Amino acid sequence: MATIVGEAFLTASLKVLLQKIVSGEFADLFRSTKLDVPLLEKLNITLMSLQAVLNDAEEKQITNPAVKQWLDLLRDAVFEADNLLDEINTEALRCKVEAGYETQTATTKVLKKISSRFKMFNRKMNSKLQKLVDRLEHLRNQNLGLKGVSNSVWHRTLTSSVVGDESAIFGRDYDKKKLKEFLLSHDGSDGESKIGVISIVGMGGLGKTTLAKLLYNDREVKEKFEVRGWAHISKDFDVVTVTKTILESVTSKRNDTDALNILQVQLQQSLRSKKFLLLLDDIWYGKYVECWNNLIDIFSVGEMGSRIIITTRFESVAQPYDCWSLLSKYAFPTSNYQQRSNLKTIGREISKKCDGLPLAAIAIGGLLRTKLSQDYWNDVLKSSIWEFTNDEVQPSLLLSYRYLPAPLKGCFAYCSIFSKNSILEKKTVIQLWIAEGLVPQPQTEKSWEKVAEEYFDELVSRCLIRQRSINDLQVNFEMHDLVNDLAMTVSSPYCIRLDEQKPHERVRHLSYNIGEYDSYDKFDHLQGLKSLRTILPLPLHPRFSSYNYVSRKLVYELLPQMKQLHVLSLSNYHNITELPNSIGNLIYLRYLNVSHTSIERLPSETCKLYNLQTLLLSCCYSLTELPKDMGKLVNLRHLDIRGTRLNEIPVQVSKLENLQTLSDFVVSSEDVGLKIADIGKYSHLQGSLCISKLQNLTDPSHAFQTKLMMKKQIDELQLQWSYTTSSQLQSVVLEQLRPSTNLKNLTITGYGGNNFPSWLGGSLFGNMVCLKISHCDNCPRLPPLGQLGNLRKLFIVEMNSVKSIGIELYGSEWKEWKLTGGTSTEFPRLTRLSLRNCPKLKGNIPLGQLSNLKELRIERMKSVKTLGSEFYGSSDSPLFQPFLSLETLQFWGMQEWEEWKLIGGTSTEFPNLAHLSLYGCPKLKGNIPGNLPSLTFLSLSNCRKLKGMTSNNLPSLRELLLHECPLFMDSRHSDDHSKNIFTSPSSDVFNDFVIDLNYLRKITLKDIPSLTSFLIDSLPKTLQSLIIWNCEFGNIRYCNSMTSFTLCFLPFLQTLHIRRCKNLKSILIAEDTLQHNLLFLRTVEIRNCNELESVSLGGFPIPNLIHLFVSGCKNLSFLPEPTNTLGILQNVEIGDLPNLQYFAIDDLPVSLRELSVYRVGGILWNTTWERLTSLSVLHIKGDNLVKAMMKMEVPLLPTSLVSLTISNLKDIECLDVNWLQHLTSLQKLNISDSPKIKSFPEEGKLPSSLKVLRINKCPILWEGICTRTRGKEWHKISHIPFIFINNEIMT
């Protein structure tokens, strides 16, 4: 790696520098401020001459150390020049903005004011500039034999951003055919081995995984094997890791144990007597033989004909012709290479150098396509980079980078800041590139963002960035691991990931993985990094929201020192409530992201960030106002204020006419703030726009002045009224807010007009894919949406006046809904439909005719009493099939729905339905559809009058949920011939129902009045999860009371939850030694069963039990004994068990990681805690337990503890430190619900490792620390980075 210098940022910076110098605006600036213009021209000439030899230097550095050293010096000088010109430009910009704010003078007067302020500044700048020119001339004059190369202008190839089919494998047809034949071959033929093994061998990127994936997902292969598993094997694997990875893949369940024998038993059980296909991807050499010998006996339990596919990098498989097939496809995307015989010969020679690596062939093909020139192709063929040898970077990939245009090199290298497998969100990457100065500002009418987008698309077309997926119309991207390695190589040492590399003084761009608590010690190595330009916590867009916290010291002390910052993100830190005033000193900042924080206001100093281009404030729910001087941010292009509580937009925002993104506009209620008509000034707006509080708009002409029709780059628009004013006024306003026909997503909420505008639903809006109309109470009918031919999602919500949906929905062109071949010609692409809370709308809509509909949700439709033939639709065609594509069907809150008429006959109502949910349909009678061949999930909740269904036609059901839905009950009269009616179970109805569900994996029963007929032995043996909440076991009027519960009949059970079940007295896990096959049971949770007296293992171990929770069982006397036979038990909660006769810490297994104990009787504390070397989390409640522990000799608790929670101390006033101070790994201490505790141990007695202290509902202790200057307890804890009092952070 030492032979390669990361020159990417050098070429990009040099390009941008030269463009800046030659711009007329910069030259005018020099003249007006008395800076030395001839010196600037000299700098330009010097840089141009250095740029001419840069390409030659970049290649020669590989073999010539002197050139490498020269490039190092040149890079530092160019970076210094960039900083110097940025300093000059920023000072001039500051003077110009401030002068413009002080007086509205003419341009000449402003320039005079700038000149006067530069009198002292320009002397210093001229001196720096002279030294810089001397330094660069010295580098230019060194004789290193570098040749000048003309720099041709790059024009992006006008092609699609994604070339061809990336899954295609050229020249492998024979391999695919033979491998598939082997997989499907007859079992045991020709004396073959019981378990067949296929090896696909080759270097990284060869296409091994792609070939294996095609085989693995082949339809015939899927049908052949009962069990399939895919496992990617890490580089530093061992037998435990491999076994666990395979097991988790086969079972689709996370496994927390590291005990090899247990993992092997579980894997063996999963494969036993089954025909399986396992794909072990990317196995590395090392302990391979040892691992294979440990696994082969396990694999042998499978059925004859089982197969294992292995991909590995060891042993070259090079097929040059295959690479030529792939290379030519990408090099000649639109023309026939046969017509270019001169290039064909050279191309074949180049393909041989790809060493059979498809990824390299694709990348080189993408490179060659940019210039179909014989000389250019020969240059590539003869490049010395082919001789480069490195284990981490392929020469072919390095060569594809070498020939990138200068701007693309920097953009590509910058992507190394994202870790492997990261999602690259295109818009975010583009904003970062521009902020870092990697994209030259265009001199044409083309926008900066458009140029950057073309850069991004070019990297995609060259296969250096690849499309990852399309989810919900959102396209995501990523980098191949080998390409990411290349980016890290060429960006080194200036771009690092803090979690993987140690910072050093040359670092300019830095990212890190955000943590729950990021204390200052994570960042202390950043001290003194004065050249740092980027601080980026990742991920920028987390998939799940979480509370993260960062040290105030980082924000208030470290960041102000980093004067060169261009990009700063503090997003997703919950404790960021404000920014320091020193933020205004980061004058070079271009990108500031504080989204998903608790920030309440931005300091006025933010408006001194004159270079700022992107300001992200989304989901800052506490933010109520913006600084009034926002107009000073003259370079601002993107302002994202989604999810804030702003009441108005400052008037001065109207000056920001370069805005590309204005996510939200709030119409103010008074004559203050920005006017809606000002939106018309922003001619370049793009992306998403939400206009809210439209009820405050009193002049409809202002709506017309927004010129939304002209804003063709806005693809998502939300129009919101908060309450109804004049319906006539609102009708005119909405008519005037007509958007561009390029719009893709439209939401209208709270509209009070009587009719929808004429433009809504028109055929001109054929680009619309998603429409949501909600809370439009005065509209009696919907617009003609049937003319929206590309509409995929439609949401109709809270439409109180809509009574029916008739021909007006389809527009004046249609008089009736006609069918052709049994399918609808309206809404041809609609896949998702939601009808919610339209109380007057009846269920007479022929939704079954929507042939592409995949998801349908009907909610709170009070006028719907019957769903009959109209619901399914009809047709003269005998081939008509209703709901042909429907996969998800949900009914929710249908209070008046009484009847669901089934179509009967041989037709299947829902042939592809996989998910069916009915919630809150208390009047629904009869049956639900019974012939559902594809149904995997069935949920029935609060449907008390349903009769039931048969299981014969549910062959695919995996999960069943019944809640307040006694559909398996009969009504009977009492024995004394009275008129009293009792509900009781029909004869084994439930048992007969579930026993035939051979694929059922999960049953959830909640609030069922009687489970007497519930027999464990009738449940499917395939069951993995059983949840029973608030169900009464036994009804003595008609049958014997069921008081015990035995699990031995469920060999594959993994999870058991029982809560609030009356009459249940005992739970028996196993009864005899023949029932030792409960190998999969991992979680047992029993809560609030007051009659429960015992839980027993039957004297036999449950080897894989990980979680055991028992609480709120007043009569429970015994727990499973001894629990130390549960070899991998990791999480135990024992609480609210006043009659527990015995519980000893000695009985806990050494594998225990988390323990919670409270309100138990018969507990025996002892001094053997240190044996629990894995215990990291402990929660204890109650005075008795804590007092007992404080009386014990120390050390008591294991030093492995990371988190300790102490709560419900009613009498204790002070914690004895003797049993805490030895906890050298303790990071979190929580104290709660302790009203009398008043003090901490003396200063220095708490563990120094503490990072987090949480105190809740401790009023006396709160008084002692509530102020930092007066609280007598504060000094004892002030060293702890994160202190929370009553859930509010103090530090």
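Values in this document were obtained by computation on a predicted structure and should not be read as measured data.
Evaluation of the ring pair (Phe, Tyr, Trp, His ring centres under 6.0 Å) test over residues 35-55, restricted to residues two or more places apart or in two chains, returns none. Residue pairs satisfying the ring pair (Phe, Tyr, Trp, His ring centres under 6.0 Å) criterion with at least one member in residues 44-64, sequence neighbours excluded, are absent.
Taking His541 as the reference, Thr428 meet the side-chain hydrogen bond (donor to acceptor under 3.5 Å, both in side chains) condition, with sequence neighbours excluded. In this structure Phe523 satisfies the ring pair (Phe, Tyr, Trp, His ring centres under 6.0 Å) test together with Tyr512, sequence neighbours excluded. Partners of Asn378 according to the side-chain hydrogen bond (donor to acceptor under 3.5 Å, both in side chains) rule, which considers only residues two or more places apart in sequence or in another chain, do not exist here. Judged as a ring pair (Phe, Tyr, Trp, His ring centres under 6.0 Å), and not counting sequence neighbours, the contacts of His509 are Phe9, Tyr414.
By the 4.5 Å heavy-atom criterion applied to side chains, Leu558 and Tyr520 are counted as neighbours. A 4.5 Å side-chain heavy-atom check between Gln431 and Glu449 finds every atom pair outside the cut-off. For the pair Leu84/Met125, a side-chain contact is recorded, criterion being any heavy-atom separation below 4.5 Å from C-beta on. You'll find the side chain of Asn593 reaches within 4.5 Å of the side chain of Leu540, heavy atoms only.
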Given the rule in the side-chain contact (heavy atoms from CB on, under 4.5 Å) test, do Met479 and Cys415 qualify, once you have shown the distances and angles that lead to the verdict? CA-CA 9 Å; Met479 272 187 167; Cys415 290; 3.4 Å; yes

For Asn635 and Leu93, run side-chain contact (heavy atoms from CB on, under 4.5 Å): C-alpha distance rounded to whole Å, both residues' side-chain angles, the deciding distance at 0.1 Å, then the answer. CA-CA 10 Å; Asn635 284 303; Leu93 182 61; 3.4 Å; yes

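Summarising the geometry of Leu136 relative to Leu47, their closest heavy-atom pair is CD1-CD2, 3.8 Å, with the distance given to 0.1 Å. Nearest heavy-atom pair, Leu438 versus Gly410, reported as atom, atom and distance to 0.1 Å: CD1-O, 3.7 Å. Closest of all the heavy-atom pairs between Asp521 and Asp524 is O-OD1, 3.0 Å. Nearest heavy atom pair, residue Met488 against residue Ser416, reads N-CB, 3.6 Å. Among all heavy-atom pairs drawn from Ser400 and Leu464, the shortest one is OG-CD2, 4.0 Å. In plain terms, the two heavy atoms of Ala331 and Leu372 that are nearest each other are O-CD2, 3.8 Å.
Between atom CD1 of residue Ile88 and atom CG of residue Asn83 there is a gap of 11.5 Å, rounded to the nearest 0.5 Å. In this structure, the separation between CG on Leu498 and CG on Asn513 is 9.0 Å, given to the nearest 0.5 Å. The structure places CZ of Arg140 at 11.0 Å from CH2 of Trp70, a figure rounded to the nearest 0.5 Å. Going from atom CG of Leu129 over to atom NZ of Lys124 covers 13.5 Å, rounded to the nearest 0.5 Å. Here the CG atom belonging to Asp499 is positioned 11.0 Å from the CD1 atom belonging to Ile514, to the nearest 0.5 angstrom. The CD1 atom of Ile434 sits 7.5 Å away from the OG atom of Ser447 when rounded to the nearest 0.5 Å.
Checked for salt-bridge contact, Asp86 and Arg533 miss the test: no charged N lies under 4.0 Å from a carboxylate O. A salt bridge links Glu458 to Arg462: at least one charged side-chain nitrogen sits closer than 4.0 Å to a carboxylate oxygen. Looking at Glu505 and Lys530, no side-chain N of the basic residue comes within less than 4.0 Å of a carboxylate O on the acidic one, giving no salt bridge. Under a 4.0 Å N-O distance rule, the pair Arg506/Asp72 qualifies as a salt bridge.
No donor-acceptor pair under 3.5 Å is formed between the side chain of Asp76 and the backbone N or O of Leu73. In terms of modelled atom types and a separation under 3.5 Å, the side chain of Asp82 and the main chain of Val78 share no donor-acceptor contact. Without hydrogens or angle criteria, Ser383 side chain to Val380 main chain gives no donor-acceptor distance under 3.5 Å. Put simply, the side chain of His504 gets close to the backbone of Pro493: a donor and an acceptor are under 3.5 Å apart.
By the 6.0 Å contact criterion, NE2 on His138 is open, its count of non-hydrogen atoms from other residues, nucleotides or ligands being 12 or less. Within a 6.0 Å radius of NZ in Lys420, other residues, nucleotides and ligands contribute more than 12 heavy atoms.
Tested against Glu87, the residues Lys563, Lys128, Arg94 include a single salt bridge (Lys or Arg N to Asp or Glu O under 4.0 Å) partner, Lys128. Partner Leu559 forms a side chain to side chain contact (heavy atoms under 4.5 Å, CB included) with one of Leu526, Ile535, Leu532 and no other, that one being Ile535.
Donor-acceptor pairing under 3.5 Å is recorded for the side chains of Thr90 and Asn611. If you check the side chains of Asp134 and Gln130, you find a donor sitting under 3.5 Å from an acceptor. Residues Tyr494 and Arg75 bring a donor and an acceptor atom of their side chains to less than 3.5 Å of each other. Counting only N and O atoms by type, the side chains of Glu436 and Thr534 include a donor and acceptor under 3.5 Å apart.
Between Phe332 and Trp377, the distance from one ring center to the other falls under 6.0 angstrom.
Between Tyr403 and Tyr376, the angle of the ring planes goes over 60°, which puts this pair in the perpendicular group of the 30/60° scheme.
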